[in-house]
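Just so you know, residue 1 is the first one in the sequence shown, and it goes up from there.
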Amino acid sequence: MTRSKNLLVIMSDEHQARALSCAGHPLVKTPNLDKLAARGIRFTNAYTPSPICVPARAAFASGRYVHDIRLWDNAMPYTGKPRGWGHALQDKGIRVESIGKLHYRDAEDPAGFDVEHIPMQVAGGHGMVWGSIRREDERVRKDGRMLGPYIGPGESNYTRYDIAVVSRATDWFADAAKRPEDPWCLYVGLVAPHFPLIVPQEYLDLYPLDSLPPFKMHTLDGFENHPWVTKQNFALTGDEGFKDADERRLAAACYFALCTFLDDNIGKLVAALEENGQLDETTIIYTSDHGDNVGARGLWGKSNMYEESVAVPLIVAEPGASASICATPVSLLDVSQTIIDHFSATLEGERPGRSLYEISAAPEEPDRVIFSEYHAVGAVSAAYMVRKGDWKLIHYHTFRPELFNLAEDPEETINRADDPICAQVLAEMAQELRNICDPSEMNDLAFADQDAMIARYGGREVAMNMGAPAATPPPET
């Protein structure tokens with residue numbers, strides 16, 4: 001198949017896979033993403049390689065698993081090593097630039113972009129070092145609510161940043177149109193719907209509080225989280241930080257409103273492409289770095305292996321294509337390989353990803369194995385996810401596992417790990433995990449690397465005060 005000349009890759013932050021109207025969400029309004037899906041392929045089982053920003057983005061950049069590149073958490077940002085899809089395009093002579101959030105280390109690093117426009121990187125070039133202190137008796141619990149002190153209508157530094165990113169991208173398209181003979185790849189990083197949960201009133205008006213569905217399996221209704229999840233959630237003040245039930249509902253409304261704010265910005269990007277005569281020669285890939293729990297199980301943010309957190313939206317819209325769906329399980333590592341494939345570029349080294357063009361053209365592969373891992377803030381031990389067919393294993397190091405049949409139980413309400421009927425499935429899924437990595441060995445390696453980093457910074461007393469308390473501040477625009 002002949003590829004379009006150009007490629008636009010849009011990555012948002014913390015966009016839950018279900019929070020798309022084209023995915024059947026009963027409330028959220030995403031008309032522009034729906035239009036994108038109407039002229040492309042929507043992958044219905046897409047996942048992040050790690051449900052937290054920095055390692056997910058490092059894995060995406062390099063096309064390799066987190067444990068392979070050993071960039072475990074939000075204090076270990078990508079620096080350009082190992083080389084990734086951006087370098088492959090540069091080797092090919094393709095113009096490749098970024099606008100917006102990267103969450104890498106520093107704009108001076110050779111991260112695979114010819115130019116990084118208004119890049120949002122980790123705070124101070126070192127990121128959330130305090131979150132690397134993970135042993136239960138040593139962890140740091142930050143004061144203040146993770147979601148921010150204020151929730152409600154208004155503007156935040158994040159909404160203003162996204163507006164600036166879209167404006168810069170609009171100018172970039174106009175400049176690219178002056179060089180019609182040159183193919184390009186542009187990466188645009190938007191922050192919404194990541195907290196703080198502050199959104200312009202016009203978007204919040206679309207989500208009256210009385211229209212919101214009840215929170216799924218909420219702890220206030222008697223639900224008890226898995227012990228690993230309870231311990232991880234302790235690291236940041238989340239659900240218990242709300243003033244009352246109304247503010248909790250308002251938080252959910254703001255999240256959905258930020259999804260529509262994001263959608264509006266994506267519509268502006270597509271309109272700018274069209275205005276500059278480039279839409280018909282540009283493929284658009286849309287995805288997010290991870291999801292958000294949005295109150296399910298009493299959890300907010302990400303950092304666990306449930307579908308709300310670990311699944312991501314993924315749309316590939318090619319010029320002249322029509323709507324289709326691909327149910328083969330995929331991950332952001334496949335997006336990385338797709339970018340390389342789009343330009344027939346090459347990159348040395350073994351990588352687990354496959355081009356989405358190849359995957360979507362082949363018969364669906366429900367048993368394709370997808371893997372995710374978490375070794376970051378709050379986790380007293382590693383957590384791993386393996387998805388294969390209808391089954392999903394969540395393996396917690398030194399804790400009992402969780403096993404869900406997503407076909408029968410898409411909301412992950414019944415843990416089948418102790419069900420004798422599922423003993424063989426559990427054993428097979430555990431073997432699939434061991435085929436990818438030794439979970440105990442990688443748990444220990446992550447702690448060792450984090451311990452070494454903390455020691456380099458001067459020990460726990462220094463490290464506990466290094467990094468943003470929750471949301472990374474954006475650059476001045």
Side-chain angles (χ1 to χ4, degrees), residues 13-14 50-58 66-67 70-77 103 105 120-151 194-197 219 225-242 289-290 292-293 297-305 309 373-383 396-399 442-474:
D13 198 319
E14 211 149 304
S50 185
I52 193 168
C53 296
V54 174
R57 290 163 180 271
V66 168
H67 67 265
R70 296 170 66 174
L71 299 176
W72 306 101
D73 62 24
N74 273 7
M76 297 182 176
H103 237 183
R105 184 179 68 174
M120 179 176 167
Q121 311 286 27
V122 297
H126 50 68
M128 194 183 289
V129 179
W130 66 268
S132 303
I133 305 169
R134 296 197 287 122
R135 290 181 180 84
E136 191 166 3
D137 58 347
E138 298 175 357
R139 293 184 302 168
V140 179
R141 181 176 167 89
K142 289 293 182 180
D143 295 332
R145 184 168 58 184
M146 173 185 66
L147 301 176
Y150 171 74
I151 293 170
H194 193 291
F195 56 85
L197 298 175
T219 48
N225 271 307
H226 186 284
W228 184 96
V229 174
T230 298
K231 291 178 184 295
Q232 189 284 323
N233 192 47
F234 174 80
L236 292 165
T237 302
D239 195 80
E240 71 277 18
F242 291 117
D289 58 351
H290 49 71
D292 190 300
N293 292 289
R297 303 176 183 82
L299 304 172
W300 297 82
K302 50 277 186 183
S303 303
N304 60 60
M305 295 299 173
S309 170
E373 60 192 302
Y374 186 85
H375 311 267
V377 58
V380 297
S381 68
Y396 305 100
H397 182 64
T398 71
F399 291 80
M442 291 305 105
N443 173 81
D444 294 347
L445 182 59
F447 272 106
D449 286 350
Q450 289 161 332
D451 288 345
M453 178 187 65
I454 290 165
R456 289 195 302 271
Y457 282 125
R460 180 182 182 277
E461 297 305 311
V462 176
M464 64 185 294
N465 295 307
M466 292 183 65
T472 301

Inset, instruction - Kindly indicate whether the side chain of Thr398, heavy atoms from C-beta on, has any atom under 4.5 Å from the side chain of Val380. - result: no

Legend entry - Lys/Arg N to Asp/Glu carboxylate O, Asp239 vs Arg297, below 4.0 Å: no

Legend entry - Heavy-atom closest pair, residues Ile454 and Arg460: CG2-N, 3.8 Å

Inset, instruction - Could you go through the side chain to side chain contact (heavy atoms under 4.5 Å, CB included) check for Gln232 and Asn304 one step at a time? - result: CA-CA 8 Å; Gln232 189 284 323; Asn304 60 60; 5.5 Å; no

Legend entry - Side-chain heavy-atom pair Asp449, Arg70 within 4.5 angstrom cut-off: yes

Inset, instruction - Apply the test side chain to side chain contact (heavy atoms under 4.5 Å, CB included) to residues Arg456 and Asp451: give CA-CA distance (whole Å), side-chain angles for both, the deciding distance (0.1 Å), then the verdict. - result: CA-CA 9 Å; Arg456 289 195 302 271; Asp451 288 345; over 6 Å; no

Inset, instruction - Sequence neighbours left out, what pairs pass side-chain hydrogen bond (donor to acceptor under 3.5 Å, both in side chains) with at least one residue falling in residues 373-383? - result: His67-Glu373, Trp228-Ser381, Ser303-Tyr374, Glu373-His375

Legend entry - Residue pair Trp72, Met442: steps toward the side chain to side chain contact (heavy atoms under 4.5 Å, CB included) verdict: CA-CA 10 Å; Trp72 306 101; Met442 291 305 105; 4.3 Å; yes

Legend entry - Contacts of His290 that satisfy ring-ring contact (aromatic ring centres under 6.0 Å, His included) - sequence neighbours left out: none

Inset, instruction - Measure the shortest side-chain to side-chain distance between Met464 and Ile133 over non-hydrogen atoms and say whether it is less than 4.5 angstrom. - result: yes

Inset, instruction - Hey, could you give me the CZ/CD distance between Arg105 and Gln121, rounded to the nearest 0.5 Å? - result: 10.0 Å

Legend entry - Nearest heavy atoms of Gly378 and Ala235, plus distance in Å: CA-CB, 3.5 Å

Legend entry - Flag for Trp300-Asp292: side-chain donor and acceptor within less than 3.5 Å: no

Inset, instruction - Please report the C-alpha distance between Arg134 and Gln450 in whole Å, then the side-chain angles of each, then the deciding distance to 0.1 Å, and finally whether the side-chain hydrogen bond (donor to acceptor under 3.5 Å, both in side chains) criterion is met. - result: CA-CA 9 Å; Arg134 296 197 287 122; Gln450 289 161 332; 2.9 Å; yes

Inset, instruction - Assign the ring pair Phe399 / His226 to parallel, tilted or perpendicular, where the plane angle (0 to 90°) is split at 30° and 60°. - result: tilted

Legend entry - Trace of the side chain to side chain contact (heavy atoms under 4.5 Å, CB included) decision for Asp73 with Ile52: CA-CA 8 Å; Asp73 62 24; Ile52 193 168; over 6 Å; no

Inset, instruction - Would you check if Met76 and Val129 make a side-chain contact, meaning some heavy-atom pair closer than 4.5 Å? - result: no

Legend entry - Nearest-0.5 Å distance, CG of residue Asn443 to NE2 of residue His397: 4.0 Å

Inset, instruction - Can you measure from CD (Glu136) to CZ (Phe234) and round to the nearest 0.5 angstrom? - result: 9.0 Å

Inset, instruction - Taking the side chain as every heavy atom from C-beta outward, state whether Asn233 and Asn225 have any pair of such atoms under 4.5 Å apart. - result: no

Inset, instruction - Would you please name every residue forming a side-chain contact (heavy atoms from CB on, under 4.5 Å) with Val122, sequence neighbours left out? - result: Val54, Pro77, His103

Legend entry - Nearest heavy-atom neighbours spanning Ser50 and Val66: CB-CG2, 3.8 Å

Legend entry - Residue of the set Asp289, Asn74, Leu71 for which side chain to side chain contact (heavy atoms under 4.5 Å, CB included) holds with Pro55: Asn74

Inset, instruction - Run the salt-bridge test on Asp13 and Lys302 with the 4.0 Å N-O cut-off and return the result as yes or no. - result: no

Inset, instruction - Indicate yes or no for a side-chain donor-acceptor contact from Arg145 to the backbone of Gly148 under 3.5 Å, with no hydrogens or angles considered. - result: yes

Inset, instruction - Answer yes or no: is there an ion pair linking Glu240 with Arg141, defined by an N-O contact shorter than 4.0 Å? - result: yes

Inset, instruction - Evaluate whether atom NZ of Lys231 has more than 12 neighbouring non-hydrogen atoms of other residues, nucleotides or ligands under 6.0 angstrom away. - result: no

Legend entry - Under 3.5 Å donor-acceptor, Glu14 side chain and Phe195 backbone: no

Inset, instruction - Measure across Trp130 and Val140 and return the closest heavy-atom pair with its distance rounded to 0.1 Å. - result: CZ3-O, 3.6 Å

Legend entry - Crowding at CG, Asp143 (>12 non-hydrogen neighbours, <6.0 Å): no

